[in-house]
Visitor: 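Submitted below is the structure of interest, expressed as structure tokens.
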Amino acid sequence: MPEGHSVRRLAHQFADVFGGETLAVSSPQGRFAAGAALLDDQMMTESQAHGKHLFLHFDNALVLHVHLGLYGAWDFGGDAAFRGASSIGAPRKVGERETFDDGNGPAYDGPPAPVGAVRVRLVGRHGWADLRGATTCAAITRAEMSAVLARLGPDPLRNLPPDRERFVTGVQSRKTPIAALLMDQKVIAGVGNVYRAEVLFRQRINPLLPGNSLTRSAAELLWDDTVKVMGDGVRDGRIITTPPSYWAEGASLPAGDDAHYVYKRQGLPCRVCAVPVALAELGGRKLYWCPGCQQH
DNA sequence: GATTAATGCTAAA
DNA sequence: TTAGCCTTAATCT
């Protein structure tokens, strides 16, 4: 259930805890047994994210390609050294969970018996990672990885020229509603249902506005705000789009749905104009917006 | 114990 | 536009 910020954090996490290590790769569930055998006992050399896609490179030139889909998740665990390397601080994030030896029990002695449908298990010297529920989990060649990247649009978490220009062109060349374009991974890679709703609200853009009716300036600001808010998500490990003035008095982090302007707030008064937040179905996904603030 | 929803995507119709 | 797929956790009976 992650959006691009979670996958980016996972890429960092894998580089930190497994980079340069030879890993035992298995598929306790069995569905990925053949692929796991191809990667077993190889060194993981590099970890890379683009949009919602994660690529782990191995020494034999094969790549583990993972897309978590709606409800895929990685669980991590290990000893103190593993924890020290971990880039994921707070526990129990969507798409990224971790459990660690607390130092009080017995010393790390390998991973626990798999719980549930573990598609892939990676085991290094100091820790382990379990994958469940992913849409895509495959051992692929570098050429196949390039083919995947070729059909993805610019990633706001990379944001190198000409990424912004590609986004602006992608938006302005289509008459599809902007809310649908933000979910189109060929137009912008990594945005999901939460960020699309929140960013459109922050920019006060009507979600049903056709892409080709956005001004260049509006499209550029939309990209820039997505870059900012998703970058915050990588830092925070969660999606927070409201400023502290909307949080409880003195709180350093928002509680519950104070983190969002419109996502999952249908029927509640808009935080800015008090008009009830609307909900509609668009392309099979739920779309949230404020009819008061987002009229153009 | 059964049902449902979830930050997703693809291929068939 | 719809059906199908992957799995879990929260919400029902």
Side-chain angles (χ1 to χ4, degrees), chain A residues 1-11 27-33 35 49-54 65-75 88 90-99 114-121 129-138 140 144 147-153 155-157 176-177 179-202 207 226 229-234 236-242 254 256-257 259-266 279-289:
Chain A
M1 312 187 226
E3 303 195 18
H5 69 300
S6 294
V7 180
R8 178 60 52 123
R9 284 168 61 88
L10 286 164
S27 178
Q29 174 204 50
R31 276 184 56 157
F32 185 59
H50 192 102
K52 301 169 190 170
H53 295 253
L54 176 69
H65 174 212
V66 173
H67 189 298
L68 293 173
L70 255 182
Y71 36 70
W74 286 97
D75 286 282
I88 298 177
R92 291 266 155 195
K93 301 293 171 352
V94 167
E96 23 172 278
R97 292 186 290 242
E98 55 186 340
T99 53
V115 175
V118 177
R119 183 88 51 86
V120 185
R121 166 168 280 185
D130 282 352
L131 174 68
R132 318 183 157 66
T135 287
T136 300
C137 174
I140 63 175
E144 289 168 325
V148 173
L149 291 175
R151 54 183 174 73
L152 290 174
D155 182 342
L157 292 174
T176 309
L181 292 174
L182 284 177
M183 295 285 274
D184 184 340
Q185 303 297 300
K186 295 188 293 295
V187 173
I188 180 169
V191 172
N193 206 20
V194 181
Y195 278 125
R196 76 112 168 236
E198 293 296 305
V199 159
L200 286 172
F201 177 89
R202 287 166 57 98
T226 305
V229 86
M230 288 188 73
D232 289 349
V234 174
D236 299 334
R238 57 185 285 211
I239 300 176
I240 300 171
T241 57
T242 50
D257 79 339
H260 306 137
Y261 283 105
V262 291
Y263 179 72
K264 272 193 177 169
R265 286 180 47 81
Q266 70 275 19
L279 167 62
E281 196 106 353
L282 181 70
R285 304 301 302 279
K286 287 183 171 167
L287 170 65
Y288 305 84
W289 82 102

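These numbers come from the heavy atoms of this one structure, side chains and all, not from hydrogens, waters or symmetry mates. First the proteins, then the strands, lettered A, B, ... as listed; each starts at 1.
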Visitor: Can you tell me which nucleotide in B:dT7, B:dC9, C:dT7 comes closest to the side chain of A:A117?
Guide: C:dT7

Visitor: Give a yes or no answer on whether the side chain of A:R9 reaches the backbone of A:V234 with a donor-acceptor pair at less than 3.5 Å.
Guide: yes

Visitor: Taking atom P in both C:dT8 and B:dT10, compute the distance separating them and give it to the nearest angstrom.
Guide: 23 Å

Visitor: How close or far is atom C1' of C:dT7 from atom CH2 of A:W74, stated in whole angstroms?
Guide: 15 Å

Visitor: I need the NE2-C1' distance between A:H260 and B:dT7, as an integer number of Å.
Guide: 9 Å

Visitor: Quickly work out the A:L70 CG to B:dT4 P distance and round it to whole Å.
Guide: 17 Å

Visitor: Heavy atoms only, 4.0 Å cut-off, all strands: where does A:R196 land among base, sugar-phosphate and nothing?
Guide: nothing

Visitor: Take the protein atom OH of A:Y263 and the nucleotide atom P of B:dA5, then report the distance between them rounded to whole Å.
Guide: 13 Å

Visitor: Would a line drawn from the ring center of A:H260 to the ring center of A:Y288 be shorter than 6.0 Å?
Guide: no

Visitor: Counting C-beta onward and ignoring hydrogens, is there a side-chain heavy-atom pair between A:W74 and A:V66 closer than 4.5 Å?
Guide: yes

Visitor: Whole angstroms only, please: what is the CG-P distance between A:L282 and B:dC9?
Guide: 14 Å

Visitor: Just call it for A:G284: base, sugar-phosphate, or nothing, with non-hydrogen atoms closer than 4.0 Å on any strand.
Guide: nothing

Visitor: Tell me whether the OP1 or OP2 atom of B:dC9 has a side-chain N or O from A:K52 closer than 4.0 Å.
Guide: yes

Visitor: Is the phosphate of B:dC9 approached by A:H67 (side-chain N or O, under 4.0 Å from OP1 or OP2)?
Guide: yes

Visitor: Work out how far the C1' atom of B:dT7 is from that of C:dT1, and round it to whole angstrom.
Guide: 23 Å

Visitor: When the ring planes of A:F201 and A:Y261 are compared, do they come out parallel, tilted or perpendicular, using 30° and 60° as the limits?
Guide: parallel

Visitor: To the nearest angstrom, how far is A:Q266 atom CD from B:dA6 atom P?
Guide: 9 Å

Visitor: Under 4.0 angstrom, heavy atoms only, what part of the nucleic acid is A:R285 near: base, sugar-phosphate, or nothing?
Guide: base

Visitor: Ignoring the backbone of A:R132, work out which of C:dT7, B:dT10, B:dT7 is nearest its side chain.
Guide: C:dT7

Visitor: Is the backbone of A:P114 close enough, under 3.5 Å, to the side chain of A:D130 for a donor and an acceptor to pair up by distance?
Guide: no

Visitor: Report yes if at least one side-chain N or O of A:K264 is closer than 4.0 Å to OP1 or OP2 of B:dA5; otherwise report no.
Guide: no

Visitor: Could you state the atom-to-atom distance from CD of A:E281 to P of C:dT1 in whole Å?
Guide: 11 Å

Visitor: C:dC5 C1' sits how many Å from A:R31 CZ, rounded?
Guide: 8 Å

